[in-house]
2 protein chains.
Amino acid sequence: MTEWEQRLAGAGCRITAPRRAVIAVLMNADAPLLPQEILEQAQTVHRKLGLVTVYRTLNLLSELSLVRRVHREDGCHGYLPASAGHRHALICRNCHRAVEFTGHNDLHALIERVEARTGYRVDDHLLQLLGLCPHCQEREG
Amino acid sequence: MTEWEQRLAGAGCRITAPRRAVIAVLMNADAPLLPQEILEQAQTVHRKLGLVTVYRTLNLLSELSLVRRVHREDGCHGYLPASAGHRHALICRNCHRAVEFTGHNDLHALIERVEARTGYRVDDHLLQLLGLCPHCQEREG
DNA sequence: CTCTTAATGAAAAGGTTTTTCAGTAAAGAT
DNA sequence: ATCTTTACTGAAAAACCTTTTCATTAAGAG
């Protein structure tokens with residue numbers, strides 16, 4: 001049983017073949033995957049998987065903080081395996097390969113300054129970086 | 001003619017009553033407005049305005065950097081008047097009132113560190129802060 | 001193995017955003 | 001002021017992504 005499956009079981013959820021298939025795809029993803037893409041890859045393992053179950057499993061994994069949802073410019077959402085703690089995604093605009101990073105320390109100063117100037121109390125943030133990964137830089141240059 | 005209308009005219013676009021109505025609503029918005037909300041407010045000025053034209057005008061204003069699109073957790077998009085330069089939105093999770101801020105200096109150090117560690121070249125970023133505005137803090141406390 | 005009920009898949013519904021297309025009106029030319 | 005061109009508009013339909021509904025299936029406790 002994988003670590004993710006243990007977390008599911010610990011939360012009182014059943015370990016089913018459809019969930020195993022979705023998990024297998026997501027655990028090793030290195031770019032944000034759309035639900036439709038997850039479906040197509042997972043169906044090679046579990047043929048009769050439906051898109052609805054992909055969405056339900058993604059919601060479940062999000063609640064357990066096992067995956068992170070990233071916003072795309074076109075308005076739909078990709079999903080990435082989430083590392084522990086509050087991290088952010090750096091996404092290649094060409095191949096969509098993503099890495100995570102922590103921005104906590106640098107953001108802390110910024111957030112304090114903004115709180116002082118605006119009077120707002122900040123309790124959450126969304127940060128995504130966009131650029132070119134090393135691989136795609138080579139191809140371009 | 002307002003500043004926004006001059007920008008439109010300068011870009012070769014026609015100044016029409018529907019566009020004026022959308023602009024009038026957005027110029028003074030202090031919270032991200034949904035296309036549907038913009039429609040309802042703008043229809044008090046231009047009764048036969050359609051939702052399609054709201055979307056088309058929002059795309060136009062986005063291209064001219066007169067409005068900024070902010071991502072909401074539910075997946076749809078709100079629109080805010082954009083100040084000059086690269087700014088970010090701080091949004092109240094209760095009343096949705098928003099203020100803008102510049103995070104350029106603080107993010108610069110973070111971005112350089114992430115570039116050094118990952119090899120990515122970062123050329124854009126998305127940063128939104130969420131919290132409570134002073135007004136809603138009072139109401140809560 | 002049996003039983004309970006969580007989980008599934010198909011179909012339908014719900015929402016937002018885009019496309020299509022015939023009609024309208026803005027703005028430059030006359 | 002009027003004409004002419006064509007960008008713009010609104011309604012309807014289409015195209016998405018995502019959620020809900022509901023009858024059926026199967027996980028896992030006893």
Side-chain angles (χ1 to χ4, degrees), chain A residues 1-2 4-26 32-40 42-64 66-67 69-79 96, chain B residues 1-2 4-26 32-40 42-64 67 69-79:
Chain A
M1 205 190 310
T2 69
W4 288 23
E5 286 166 16
Q6 286 174 14
R7 288 281 299 277
L8 277 190
C13 300
R14 291 178 181 173
I15 309 302
T16 65
R19 284 177 177 168
R20 264 195 247 266
V22 171
I23 287 173
V25 169
L26 268 168
L33 297 175
L34 299 177
Q36 183 63 47
E37 295 169 337
I38 294 169
L39 175 69
E40 283 157 19
Q43 277 180 335
T44 64
V45 171
H46 183 71
R47 217 173 282 126
K48 31 175 204 178
L49 178 66
L51 184 55
V52 180
T53 297
V54 174
Y55 276 102
R56 281 190 284 232
T57 304
L58 287 172
N59 286 342
L60 188 56
L61 296 175
S62 290
E63 278 166 22
L64 298 174
L66 292 171
V67 300
R69 192 165 78 153
V70 306
H71 298 260
R72 306 197 347 165
E73 270 313 304
D74 63 9
C76 54
H77 297 111
Y79 292 82
H96 300 110
Chain B
M1 211 199 289
T2 70
W4 288 24
E5 286 166 16
Q6 285 174 15
R7 287 281 299 278
L8 277 190
C13 300
R14 291 180 181 172
I15 309 303
T16 65
R19 285 177 176 169
R20 263 195 248 265
V22 171
I23 287 173
V25 169
L26 269 168
L33 297 175
L34 299 176
Q36 184 63 45
E37 295 169 336
I38 294 169
L39 175 69
E40 283 156 19
Q43 277 181 337
T44 64
V45 171
H46 184 72
R47 216 174 281 128
K48 30 172 209 180
L49 178 66
L51 185 56
V52 180
T53 297
V54 173
Y55 276 101
R56 283 191 282 231
T57 304
L58 287 172
N59 286 341
L60 188 56
L61 296 174
S62 292
E63 279 167 21
L64 297 175
V67 300
R69 193 165 77 152
V70 305
H71 298 260
R72 305 195 353 163
E73 269 313 303
D74 62 8
C76 54
H77 298 109
Y79 292 83

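No hydrogens, no waters, no symmetry mates; every other heavy atom, side chains included, goes into these values. The sequence lines fix the lettering, A, B, ..., with proteins before strands; numbering per chain opens at 1.
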Distance-only criterion, 3.5 Å: show the donor-acceptor pairs between side-chain atoms of residues 16-25 of chain A and protein atoms not counting sequence neighbours.
residue : atom : partner : partner atom : Å
A:Thr16 : OG1  : A:Arg19 : N            : 3.3
A:Arg19 : NH1  : A:Arg14 : O            : 2.8
A:Arg20 : NH1  : A:Glu5  : OE1          : 3.4

Legend entry - Bend angle of the helix from C:dC1-D:dG30 to C:dT30-D:dA1, from helix axes over five pairs at each end, nearest 10°: 40°
Inset, instruction - Taking B:Glu37 for its side chain and B:Leu34 for its backbone only, find out whether a donor-acceptor pair lies under 3.5 Å. - result: yes
Inset, instruction - Specify the separation, in whole Å, of atom CD of B:Glu5 and atom P of C:dA26. - result: 13 Å
Legend entry - Flag, side chain of B:Ser62 to backbone of B:Leu58, donor-acceptor distance under 3.5 Å: yes
Legend entry - Interatomic distance where CG belongs to B:Leu60 and C1' belongs to C:dT17 [whole Å]: 17 Å
Inset, instruction - For a side chain to side chain contact (heavy atoms under 4.5 Å, CB included) with B:Tyr79, tell me which candidate from B:Leu26, B:Thr57, B:Val54 qualifies. - result: B:Leu26
Inset, instruction - Please name all residues satisfying ring pair (Phe, Tyr, Trp, His ring centres under 6.0 Å) with B:His77, sequence neighbours left out, ordered by chain then number. - result: B:His71
Inset, instruction - Grab the CD-P distance between B:Gln36 and C:dT16 for me, whole Å please. - result: 7 Å
Inset, instruction - Find the distance B:Met1:CE to C:dA26:P and express it as a whole number of Å. - result: 13 Å
Inset, instruction - List for me each residue that meets side chain to side chain donor-acceptor pair (under 3.5 Å) alongside A:Arg72, sequence neighbours excluded, and say none if there are none. - result: A:Asp74
Legend entry - Atom-to-atom span, NE2 of A:His46 to P of C:dT8 - whole angstrom: 8 Å
Inset, instruction - Can you tell me the distance, in whole Å, between the CZ atom of A:Arg47 and the P atom of C:dA10? - result: 14 Å
Legend entry - B:Arg19 CZ - D:dT9 C1' separation (whole Å): 9 Å
Legend entry - Gap between atom CG of A:Leu61 and atom CZ of A:Arg69 - 0.5 Å precision: 13.5 Å
Inset, instruction - Could you run through nucleotides 18-30 of chain D and give me one letter per nucleotide, 5' to 3': B if any protein heavy atom sits under 4.0 Å from the base, S if only the sugar-phosphate is that close, - if neither? - result: BBBB----BBS--
Inset, instruction - Could you state the atom-to-atom distance from CG of B:Leu8 to P of C:dA26 in whole Å? - result: 14 Å
Legend entry - Residue-phosphate contact under 4.0 Å: B:His71 side-chain N/O, C:dT16 OP1/OP2: no
Legend entry - B:Glu63 side chain vs B:Leu60 backbone, donor-acceptor pair below 3.5 Å: no
Inset, instruction - Under 4.0 Å between any heavy atoms, over every strand shown, what does A:Leu49 touch: base, sugar-phosphate, or nothing? Just pick one. - result: sugar-phosphate
Legend entry - Residues in side chain to side chain contact (heavy atoms under 4.5 Å, CB included) contact with A:Gln6, at least two apart in sequence or another chain: A:Met1
